[in-house]
Undergrad: 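Let me begin by handing over the structure; questions about it come next.
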There are 2 protein chains.
Amino acid sequence: MGITKTEFFTQKQNDTALLMKALGHPARIAIIEYLMSVDACICGDIVNELALAQPTVSQHLKELKNAGLIKGNISGNAICYCIDDTAINTLRGYFLEISDNLEKKKNMCC
Amino acid sequence: MGITKTEFFTQKQNDTALLMKALGHPARIAIIEYLMSVDACICGDIVNELALAQPTVSQHLKELKNAGLIKGNISGNAICYCIDDTAINTLRGYFLEISDNLEKKKNMCC
DNA sequence: TTTGTATATTGCAATATTACGATATAATTT
DNA sequence: AAATTATATCGTAATATTGCAATATACAAA
């Protein structure tokens, strides 16, 4: 059907999946990496950086924003986007937890 | 168009996006968390766990496997799936790096 | 060897995503 | 105010994803 059955999963599982999904496109990875590499962060720079059309970049920025991965401040007639550390820290914690867990039961399986 | 323009991004960006995308669905998050929670790991258990039909679960397992997030060993007429720590460590490292980077330039932007 | 059990594959309908031209909005400059 | 600049939204075509019934495969047990 193409429709995800979110009702069968926990809130946390759905939230985690949404965060990961938002990062599941190279353009959005590139945006995050670009925002990480610069101090100033204006949307126009991202459009120039990405080799995608401006509406496409705008759409990707919107998805990152909806997921809570970036935040945008209006700054004159431009918009300053930057990474939201809350989401990043959530994901950092998530993978640290899995990694620690795997470390503990090394060679217990497969 | 619906087709991702991978040629505009680096190999690493595309690879990272594929890993993230594989985790961008609650069923696949649930599978990873289930594999983490148990010592034995047989596909049938996952089907019982998930409230999704067997072909659907099989498809999600395939995607996780293609992404390198899990590996499967044939064990009799069942298959033993478990988490591949290499991919998890890659993700852990990725988010640690971003997190560290954000820490450094605290309040530099937005 | 037939029957059962476990998993994968195929085929397809419903829905979502990607990309972008055209256009809208909103602040800035002239 | 008109023109310019920066970004968002709309509409739409192409493609991808999700989910599952039906079926195939492959091993195990009787």
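Convention: sequence-line order gives letters A, B, ...; per-chain numbering from 1. Computed over heavy atoms, backbone and side chain alike; hydrogens, waters and symmetry mates excluded.
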Undergrad: Does A:Gln54 contact D:dA6 through a side-chain donor or acceptor facing the base, at a distance under 3.5 Å?
TA: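 Side chain to base: no pair present.
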
Undergrad: So B:Asp85 and A:Ile98, do their side chains get closer than 4.5 Å, heavy atoms only?
TA: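 Result no, sub-4.5 Å side-chain heavy-atom pair not found.
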
Undergrad: Let's see if you get this right: which residues in residues 55-64 of chain B place a heavy atom under 4.0 Å from DNA chain C?
TA: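 Heavy-atom contacts with DNA chain C come from B:Pro55, B:Ser58, B:Lys62.
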
Undergrad: Considering non-hydrogen atoms only, spot the tightest contact between A:Lys71 and A:Ile83 and give its length.
TA: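 Smallest heavy-atom distance, with atoms named: CE-O, 4.1 Å.
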
Undergrad: Could you tell me whether B:Leu52 contacts a base, only the sugar-phosphate backbone, or nothing, with contacts defined as non-hydrogen atoms closer than 4.0 Å?
TA: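 Sugar-phosphate, backbone atoms only, no base.
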
Undergrad: Nearest to the side chain of B:Ile3 - D:dA16, D:dC27, D:dA6?
TA: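 In terms of side-chain proximity for B:Ile3, the closest of D:dA16, D:dC27, D:dA6 is D:dA16.
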
Undergrad: Would you kindly give the CG-to-P distance between A:Asn73 and D:dA8, to the nearest whole Å?
TA: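 Rounding to the nearest Å, CG of A:Asn73 and P of D:dA8 are 12 Å apart.
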
Undergrad: Would you check if A:Asp45 and A:Glu49 make a side-chain contact, meaning some heavy-atom pair closer than 4.5 Å?
TA: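 When only atoms from C-beta onward are counted, A:Glu49 and A:Asp45 do not touch, as no gap falls below 4.5 Å.
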
Undergrad: Does the side chain of A:Tyr81 get closer than 4.0 angstrom to OP1 or OP2 of D:dA6 through an N or O atom?
TA: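 Result: no.
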
Undergrad: Looking at side-chain heavy atoms only, is the closest gap between B:Leu69 and B:Glu63 below 4.5 Å?
TA: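 A side-chain contact is absent here, since even the closest heavy-atom pair is not under 4.5 Å.
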
Undergrad: From CG of A:Asn66 over to C1' of C:dA16, roughly how many Å is that when rounded to an integer?
TA: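 After rounding, the reported distance stands at 15 Å.
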
Undergrad: Under 4.0 Å from OP1 or OP2 of D:dA16: is there any side-chain N or O of B:Lys21 that close?
TA: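 Checking D:dA16 against B:Lys21, no side-chain N or O comes under 4.0 Å of OP1 or OP2.
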
